Asker: 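So that we are looking at the same thing, I have put the structure below in structure tokens.
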Amino acid sequence: MKKNVLVIGGGGRCHAIVKALKRSPRVQKIFCAPGNAGIAADAECVAIGVEDAEGIVKFVEENAIDMTVVGPEAALAAGVVDALAAKGHKAFGPTKAAARIESSKEFAKQIMAKYNVLTAGYEAFDNFEQAWDYVKGRPLPAVIKYDGLAAGKGVVVALTYEEAEEALRDMLLDASFGKGRVVVEDFLDGPEFSFMCVVSGNKVYPLAMAQDHKRAYDGDKGPNTGGMGAYSPVPFVTEEIREKALNEIIQRTADGLVAEGVPFTGVLYGGLILTKEGPKVIEFNARFGDPETEVVLPRLESDFYDLVEAAVEGKDCETRWSPEAYLGVVLASKGYPGHYEKGAEIKGLGNVDALVYHMGTKRDGDKILTAGGRVLMVVGKGKTISEANEKAKAEIAKIDCDALFHRTDIGKASL
Ligand code: AMP
Ligand code: GLY
């Protein structure tokens, strides 16, 4: 029997998940809650919010959904997977308890310390004076992380003691993100990369490697964003580095979570850094990365539904990957990640001969309008990363919209 699938989310990552499911001969119908203007071409969008656990369970029951794939962290934190599992429905994603590997920096550090996962040394504090005393006595830069979800703004890499003090004051005294603790971590130096693995208890099914670009402007300048572009594969991550990351980071973490009584199902995303001593963890996420998923899933040649089902049911699954390179560039609203306008018309999309994901768009009659910070992602494909880059550039040139900007150096470390 073919399967009905519900995908939770509405951005580019969700669009990539929908497209991967669409390629599976095992899938009958794909729904997406809430989806967006681009996803609507590939799935039936339903107006349910990603945190509406009750609404999601109701939809699953009324529409004979066989599997729910959860995209965003907000849905995990709202307990969507727990609510579905409690009613006996299959859901791909970790429980709220296992998702703490992303939502609590201190929990993640404790697991890493206890199970010997390669990462930076750290101390945790809830008292400003103690934290500041500790930071003052250590070399710069100081890495200060708020212990909780802070929409990507909870990490400060302070280059001066003034900056470090201000960050600690902000997080511990002024409680900008709510009352909480901070983790002060050793500074790690090297190129970053994203290693996403599907995990089911002790089983790990690695996905292809990718690299994200978090800063807003060329040369890794400007503020941190949700990601301005990504590519896959990542040539500087050799087979030897990958094996080490798989065995000494991802596998140990998966095993540790099982041993702690919070087995993980879903995507365990290792945000890793390649230091002189080898790969180390910067952060874990409990979900597909955005925009990495948009360049990784198109490379999956084996059946994506098989993989999702294997993880949920704890079965073995082999994956096959295309050797081709995918490089995606995000087109964002001018001003993003700060203030930006919405509602500008995007022309020329019909002429683009490449994979285009909608991240924040809205349909108005036959027009497509900007409707978010990150708006579109244009993905070039090629035999090499350079070829994929040329293709992405050529296709972006066909898009006409004054309200958008993009980086021109995505993939530079690998060109
Ligand atoms: P996160 O939100 O945890 O991904 O951190 C945001 C960014 O801060 C990362 O992409 C890194 O560039 C930087 N960062 C975080 N932790 C460290 C660390 N221990 N050493 C150096 N840079 C770090
Ligand atoms: N690309 C970073 C993230 O998904 O958090």
Side-chain angles (χ1 to χ4, degrees), residues 9-19 32 34-43 45 71-72 151-152 212-231 289-295 297-298 326-382 385 387-412:
R13 159 181 57 199
C14 190
H15 199 175
I17 293 169
V18 165
K19 278 182 181 292
C32 188
N36 68 29
I39 293 172
D42 295 309
C45 296
D212 181 14
H213 296 64
K214 285 197 174 126
R215 301 298 191 117
Y217 313 128
D218 281 2
D220 286 332
K221 301 257 172 21
N224 255 323
T225 70
M228 294 299 290
Y231 64 96
D290 193 359
E292 292 94 326
T293 304
E294 290 92 313
V295 293
L297 286 186
Y326 282 75
L327 184 143
V329 179
V330 170
L331 276 56
S333 295
K334 283 180 183 161
Y336 172 79
H339 174 78
Y340 56 83
E341 305 287 333
K342 295 182 189 175
E345 184 179 354
I346 308 166
K347 293 187 190 148
L349 274 177
N351 304 328
V352 177
D353 174 29
L355 189 53
V356 177
Y357 294 107
H358 289 238
M359 304 180 104
T361 63
K362 205 174 104 183
R363 181 173 286 279
D364 177 16
D366 49 12
K367 291 182 189 162
I368 295 285
L369 309 180
T370 63
R374 291 186 301 162
V375 175
L376 294 169
M377 185 173 185
V378 179
V379 179
K381 172 173 105 164
I385 291 162
E387 226 180 87
N389 179 46
E390 291 306 320
K391 177 71 177 161
K393 285 204 161 129
E395 298 303 320
I396 287 170
K398 298 178 183 170
I399 296 175
D400 178 12
C401 180
D402 280 347
L404 298 176
F405 79 100
H406 65 273
R407 279 182 64 161
T408 62
D409 64 346
I410 301 303
K412 197 166 174 196

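None of these values were measured; they are calculated from a predicted model. Both backbone and side-chain heavy atoms feed into the values below; hydrogens, waters and symmetry mates do not.
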Asker: Checking L376 against L349 for the side-chain contact (heavy atoms from CB on, under 4.5 Å) test, could you report, in this order, the C-alpha distance in whole Å, the side-chain angles of both residues, the deciding distance, and whether it holds?
Answerer: CA-CA 10 Å; L376 294 169; L349 274 177; 3.8 Å; yes
Asker: Any donor and acceptor pair, going by atom type alone, linking the side chain of D409 with main-chain N or O of G219 inside 3.5 Å?
Answerer: yes
Asker: Could you grab the distance from atom CD of E294 to atom SG of C14, nearest 0.5 Å is fine?
Answerer: 10.0 Å
Asker: Heavy atoms only: give me the nearest V295-G328 pair and the separation to one decimal.
Answerer: CG1-N, 3.6 Å
Asker: Let me confirm one number: the NZ-NE2 distance from K334 to H406, rounded to the nearest 0.5 Å.
Answerer: 11.0 Å
Asker: Which pair of heavy atoms, one from G372 and one from S333, lies closest together, and at what distance?
Answerer: O-OG, 2.7 Å
Asker: If the test is side chain to side chain contact (heavy atoms under 4.5 Å, CB included), which one of V329, N351, V378 qualifies with E395?
Answerer: V378
Asker: Evaluate the side-chain contact (heavy atoms from CB on, under 4.5 Å) criterion for residues K367 and L369: first the C-alpha distance (whole Å), next the side-chain angles of each, then the deciding distance (0.1 Å), finally the verdict.
Answerer: CA-CA 6 Å; K367 291 182 189 162; L369 309 180; 4.3 Å; yes
Asker: Once rounded to the nearest 0.5 Å, what's the spacing between atom CG of D290 and atom CZ of R13?
Answerer: 5.0 Å
Asker: Quick check against the 3.5 Å criterion: does Y340 have a side-chain atom that pairs as donor or acceptor with the backbone of G335?
Answerer: no
Asker: Taking atom NZ as the centre, does K381 end up with more than 12 heavy-atom neighbours from other residues, nucleotides or ligands that are less than 6.0 angstrom away?
Answerer: no
Asker: Of all heavy-atom pairs between Y357 and G12, which one has the smallest distance, and what is that distance?
Answerer: CD2-O, 3.9 Å
Asker: Do you know the tightest heavy-atom contact between C32 and G9?
Answerer: SG-O, 3.4 Å
Asker: Working to the nearest 0.5 Å, report the span between CD of E292 and CG of D212.
Answerer: 4.0 Å
Asker: Are the side chain of R407 and the backbone N or O of R215 linked by a donor-acceptor pair below 3.5 Å?
Answerer: yes
Asker: Donor-acceptor pair, distance only, cut-off 3.5 Å: does the side chain of K393 make one with the backbone of T408?
Answerer: yes
Asker: Please work out which of the three classes, parallel, tilted or perpendicular, describes the rings of Y231 and H213, given edges at 30° and 60°.
Answerer: tilted
Asker: Given 3.5 Å as the limit, does a donor-acceptor pair link the side chain of T361 with the main chain of V375, or not?
Answerer: no
Asker: So which heavy atom on A354 is nearest to which on V379, and how close?
Answerer: CB-O, 3.5 Å
Asker: How close do I399 and L331 get, counting heavy atoms only, and between which atoms?
Answerer: CD1-CD2, 4.0 Å
Asker: I'd like to check the side chain to side chain contact (heavy atoms under 4.5 Å, CB included) partners of K347; sequence neighbours left out, ordered by chain and number.
Answerer: E345, D400
Asker: Taking side chain to side chain contact (heavy atoms under 4.5 Å, CB included) as the test, write out the residues that go with C401, two or more places apart.
Answerer: A344, I346, T370, A403, L404
Asker: Output yes when D353 and K391 qualify as a salt bridge under the 4.0 Å nitrogen-oxygen rule, no when they do not.
Answerer: yes
Asker: In terms of heavy-atom contacts, does NZ of K412 have more than 12 from other residues, nucleotides or ligands at under 6.0 Å?
Answerer: no
Asker: Checking E390 now: which residues fulfil side chain to side chain contact (heavy atoms under 4.5 Å, CB included) with it, not counting sequence neighbours?
Answerer: none
Asker: In terms of side-chain heavy atoms, does H15 have a donor or acceptor partner in N36 at a distance below 3.5 Å?
Answerer: no
Asker: Give a yes or no on whether K342 atom NZ has more than 12 heavy-atom contacts from other residues, nucleotides or ligands under 6.0 Å away.
Answerer: no
